[in-house]
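When a ligand or atom number is given, it counts from 1 through the structure's own listing order. Quantities reported herein were computed from a predicted structural model and do not represent experimental measurements.
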Amino acid sequence: MAGNTTDKEQTIFEHAGNTIKTEDREIRILAKYEEPLVVLLGNVLSDEECDELIEHSRERLQRSKIGEDHVVNQIRTSSGVFCEENETVTRIEKRISQIMNIPIGHGDGLQVLLYTPGQEYLPHFDFFAQTSRASNNNRISTLLLYLNDVEEGGQTEFPMLNLSVFPNKGMAVYFEYFYDNHELNEFTLHAGTPVIKGEKWVATMWMRRQAHRLS
Ligand SMILES: O=C(O)CCC(=O)C(=O)O
Ligand SMILES: [Fe+2]
């Protein structure tokens, strides 16, 4: 119940125990922050899947360099592309949908981001402000997948929770923000801190309250 801090709110993610058995892979639950729910997941992607997503996106990022994504963005200085469907992307999306417990048609699509040294994503929410049109079918949860090990820097930080997640190839962090108690949603404020050395590659899936695209 909103405002009552003794009752725990219902969550979207409802996996118990230490594993999630998806159709094609066993995901490990490594750590949990309970409210708001932030879950650290291991063995989400194989090394080959990470490499394939990077290669698939590297070419397309290069091609889009002079495109719209090149506009200067002060909140996010990394560059990003949405994955085009192929066998690997479809398989990964199916797994993600089972982890997030939401049909894949509610997703925005898998977005891959590349950060080079100095690039970062300043603190933000993944949900849209009530005043924006997009909030009519707002986002409710995020799965952030780490596609490589970063030499230095590039942690995902949740400043309101004093929590830092270090990128590890094949691991992911899940969080949700569909609580009646809006304060809990606001605790999901997060940032990608500047990469100091090496590249940082991530893939993000944001889920919406209602179906968003054909699946
Ligand atoms: O790169 C990160 O650690 C954060 C990415 C992020 O917040 C997002 O894609 O919404
Ligand atoms: Fe985010």
Chemist: Test of understanding: given a 4.0 Å heavy-atom threshold, classify the contact between V165 and ligand 1 as side chain, backbone, both, or neither.
Modeler: neither
Chemist: What protein heavy atom sits nearest atom 9 (O) of ligand 1, and how far away is it?
Modeler: T204 OG1, 3.0 Å
Chemist: I'd like to know if the side chain of T11 and the backbone of F13 have a donor-acceptor N/O pair within less than 3.5 Å.
Modeler: yes
Chemist: Main chain of Q155, side chain of T193: is a donor-acceptor contact present, judged purely on distance under 3.5 Å?
Modeler: yes
Chemist: Among all protein heavy atoms, pick the one closest to atom 2 (C) of ligand 1 and tell me residue, atom and distance.
Modeler: K200 NZ, 3.2 Å
Chemist: Between Y146 and ligand 1, does any nitrogen or oxygen pair lie at a separation below 3.5 Å?
Modeler: no
Chemist: Of F187, Y177, Y33, F175, which is the lone residue that meets ring pair (Phe, Tyr, Trp, His ring centres under 6.0 Å) with F158?
Modeler: F175
Chemist: Where do I12 and M100 land on the side-chain contact (heavy atoms from CB on, under 4.5 Å) test, with the steps shown first?
Modeler: CA-CA 7 Å; I12 305 162; M100 299 179 84; over 6 Å; no
Chemist: For ligand 1, is H124 a contact, meaning one of its heavy atoms is under 4.0 Å away?
Modeler: yes
Chemist: What N, O or S atom of D126 is found closest to the Fe ion (ligand 2)?
Modeler: OD1
Chemist: Mark up the atoms of ligand 1 that fall under 4.0 Å of a heavy atom belonging to G192, in ascending order.
Modeler: 2 (C), 3 (O)
Chemist: Using a cut-off of 6.0 Å, state whether more than 12 heavy atoms not belonging to E186 lie near its atom CD.
Modeler: yes
Chemist: Check each heavy atom of L144 against ligand 1 and say whether those closer than 4.0 Å belong to the side chain, the backbone, both or neither.
Modeler: side chain
Chemist: Can you name the atoms of ligand 1, numbered from 1 with element, that are less than 4.0 Å from a heavy atom of T156?
Modeler: 2 (C), 3 (O)
Chemist: For atom 10 (O) of ligand 1, what's the nearest protein heavy atom and its distance?
Modeler: D126 OD1, 3.1 Å
Chemist: Flag the pair R58 and E199 as a salt bridge only when some basic side-chain nitrogen lies within less than 4.0 angstrom of an acidic carboxylate oxygen.
Modeler: yes
Chemist: Quick one: does Y121 get an N or O within less than 3.5 Å of an N or O on ligand 1?
Modeler: no
Chemist: For a side chain to side chain donor-acceptor pair (under 3.5 Å) with T88, tell me which candidate from E48, E52, E93, E49 qualifies.
Modeler: E52
Chemist: List every atom of ligand 1 that sits less than 4.0 Å from any heavy atom of W206, numbering the atoms from 1 in the order shown and giving each element.
Modeler: 9 (O), 10 (O)
Chemist: For Q155, is at least one N or O under 3.5 Å away from an N or O on ligand 1?
Modeler: no
Chemist: D108 and M205: which non-hydrogen atoms are nearest, and at how many Å?
Modeler: N-SD, 4.2 Å
Chemist: Any heavy atom of Q111 sitting closer than 4.0 Å to ligand 1?
Modeler: no
Chemist: Taking the six-membered ring for Trp, are H124 and Y121 ring centroids under 6.0 Å apart?
Modeler: yes
Chemist: Tell me the angle that NE2 of H124 and NE2 of H190 form around the Fe ion (ligand 2), rounded to 10°.
Modeler: 90°
Chemist: Is the count of non-hydrogen atoms from other residues, nucleotides or ligands lying under 6.0 Å from E26 atom CD greater than 12?
Modeler: yes
Chemist: At a 4.0 Å threshold, what atoms of ligand 1 neighbour a non-hydrogen atom of Y115?
Modeler: 1 (O), 2 (C), 4 (C), 5 (C)
